[in-house]
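Working notes, beginning with the structure itself.
Order of the sequence lines sets the chain letters (A, B, ...), proteins ahead of strands, with each chain counted from 1.
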Protein chains: 2
Amino acid sequence: MKDFTSTPPPVKHIAEPTVRRLSGYLRFLEAFDVEGHETISSGELARAGGTTSAQVRKDLSFFGSFGKRGLGYAVKDLIASLREILGLDTRWPVVIVGAGKIGAALAQYRGFGTHGFDVVGIYDTDPSRVGTRLNGVTVRADRDLEGDIATLTPRIAVLCVPGEAAQAALDRVVGAGIRAVLNFAPTSLVAPEGVTVRAVNMATELEVLAYALTNESRD
Amino acid sequence: MKDFTSTPPPVKHIAEPTVRRLSGYLRFLEAFDVEGHETISSGELARAGGTTSAQVRKDLSFFGSFGKRGLGYAVKDLIASLREILGLDTRWPVVIVGAGKIGAALAQYRGFGTHGFDVVGIYDTDPSRVGTRLNGVTVRADRDLEGDIATLTPRIAVLCVPGEAAQAALDRVVGAGIRAVLNFAPTSLVAPEGVTVRAVNMATELEVLAYALTNESRD
DNA sequence: AGTACCTTGTGAAGGATTTCACAAGCACCC
DNA sequence: GGGTGCTTGTGAAATCCTTCACAAGGTACT
């Protein structure tokens, strides 16, 4: 007798690096699928993701067993499983706070939509930006933020405001019920327990590179 | 007799998370300095950086001892030390490959320059973009890339090209001598030994948030 | 039907990073 | 000038993550 579930193990706590890698596997598999491949081995997946085959198998093993011994993984099935694991079997409404250079660029980024995220609102304090359209969504005044969050119920906010305004923006979206935030402002933010904040910080990325270049004596 | 050096320990290998945190401390300290504070304790720094005081002290201890027991750290001195550690006592010339939405937004990002990085070139294949000016730098044709890298000797390249073009762009800049790359394309890249590639991937960040929201059963 | 070959899934080992806990050092005050 | 209070710097312990190594399971070929 076979069982029905495709994701058996009762998931405990998964390390963030693992989740990041899963996302990377998914990205690669989508391209691999388009190229017409039917199956893939943990070794191939590892090479593409810059890791090892054992790591790939261990990452997946936290959530179930998805492969066939001797064969590898069915590409389409693994894509579906990863989507489910990452919570991408629903679409996620997102608000963008700040319609400056970065906010505008993000709003127009197509990959947003194709990966399961819908921009349902963009907000700015600058009256000259309010009312303009970005990729089909009209920029609204920041005073509409709380009301819109209540009615549109986005689960994720992307902050693209200047550093000085970032903490205030975070406090507002959190106050309105948002519990997951992606912060593009170059400031580290303090959030209450239960709110996940991820930061994308240009300066930090460049500094990590500068450090690597300065210390290239690691063999 | 006192010794001269402010960074005594012969640094072995430092974990990437440590370097990221150091960058974060620096970011916060710069703001803290502007507010007029003279000293800071590891505890305050920890709260700002979302970590613990022991972690802060351990991170710094890899590079030397910068504080005064009972007092804390002198803000200006610690800023200078961190800048030196991260390799920010020189300026770093940077080229941006791709002048689309993201490339253009980055080129106009002021924080670039204020943190020690100079955009010395922007390249694109689209003739309609070549010749336009972005924040004082003229977009040049992609065929100028190799020659410019040879003469301007940037050490870092920022890739803002579409996913399909990213690996080719990486190969070109690496071929021209670049050894540190920041990749904004949503593709994971394969680079030869000795080349550091860091990826900033919108999709991955959002997916980590989606995962967190889907599994908010972690108390 | 059996053999050879390949790849997964996973305990166990090994390494790395974080946290703990406390001695040592410094300033301030009486 | 000794006591008090605070904070650093750091070995040691604990935790977390990765790598190893191999049994188990599947396919293909003879």
I need the [atom1]-[atom2] distance between [X] and [N], as an integer number of Å.
X: B:L71; N: C:dC28; atom1: CG; atom2: P; result: 7 Å
X: B:K58; N: C:dT19; atom1: NZ; atom2: P; result: 12 Å
X: A:D59; N: C:dT8; atom1: CG; atom2: P; result: 13 Å
X: B:L60; N: C:dT18; atom1: CG; atom2: P; result: 13 Å
X: A:F63; N: C:dT8; atom1: CZ; atom2: P; result: 18 Å
X: A:R57; N: C:dG11; atom1: CZ; atom2: C1'; result: 13 Å
X: B:E16; N: C:dT18; atom1: CD; atom2: C1'; result: 17 Å
X: A:E44; N: C:dT7; atom1: CD; atom2: P; result: 9 Å

Evaluate side chain to side chain contact (heavy atoms under 4.5 Å, CB included) for A:H115 paired with A:R27, printing each intermediate quantity in order. CA-CA 10 Å; A:H115 282 94; A:R27 198 94 327 97; 3.4 Å; yes
Hey, which of these two, A:K68 or B:S41, hits DNA chain D nearer its 5' end, going by closest nucleotide?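 Closer to the 5' end of DNA chain D: B:S41.
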Residue whose closest nucleotide on DNA chain D lies nearer the 5' end, B:S53 versus A:A15: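 Per heavy-atom nearest nucleotide, the more 5' residue is B:S53.
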A:T52 near the nucleic acid: base, sugar-phosphate alone, or nothing, with a heavy-atom cut-off under 4.0 Å?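 Result for A:T52 = sugar-phosphate.
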State plainly whether the residues B:E207 and A:R83 are in salt-bridge range, i.e. N to O under 4.0 Å.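 No.
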With the threshold set at 4.0 Å, does a side-chain nitrogen-carboxylate oxygen contact exist between B:R198 and B:E16?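 The answer is yes: the pair qualifies as a salt bridge.
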Look up atom CG in A:L206 and atom CG in B:L86, then write down how far apart they are to the nearest 0.5 Å.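 Result: 11.5 Å between the selected atoms.
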I'd like to know if A:R69 reaches the base of C:dT8 with its side chain, counting only an N/O donor and acceptor under 3.5 Å.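 Check passes, donor-acceptor contact within cut-off.
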Go through the structure and list residues passing side-chain hydrogen bond (donor to acceptor under 3.5 Å, both in side chains) with B:D118, not counting sequence neighbours.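 Expected list: B:R91.
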Could you go through A:K76 and A:E30, starting from their C-alpha distance and side-chain angles, then the distance that decides it, and tell me whether this counts as salt bridge (Lys or Arg N to Asp or Glu O under 4.0 Å)? CA-CA 8 Å; A:K76 281 188 196 302; A:E30 287 168 340; over 6 Å; no
Taking any atom under 4.0 angstrom from a heavy atom of chain B, which nucleotides of DNA chain D are the first and last to qualify, 5' to 3'?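 Contact boundaries, 5' end first: D:dC6 to D:dA12.
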Could you tell me which residues satisfy salt bridge (charged side-chain N to carboxylate O under 4.0 Å, His left out) with B:K68, sequence neighbours excluded, listed by chain and number?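 Testing B:K68 for salt bridge (charged side-chain N to carboxylate O under 4.0 Å, His left out), a comparison that skips the adjacent residues, returns none.
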Starting at the 5' end of DNA chain C, which residue's closest nucleotide do you reach first, A:S42 or B:Q55?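 Residue closer to the 5' terminus by nearest nucleotide: A:S42.
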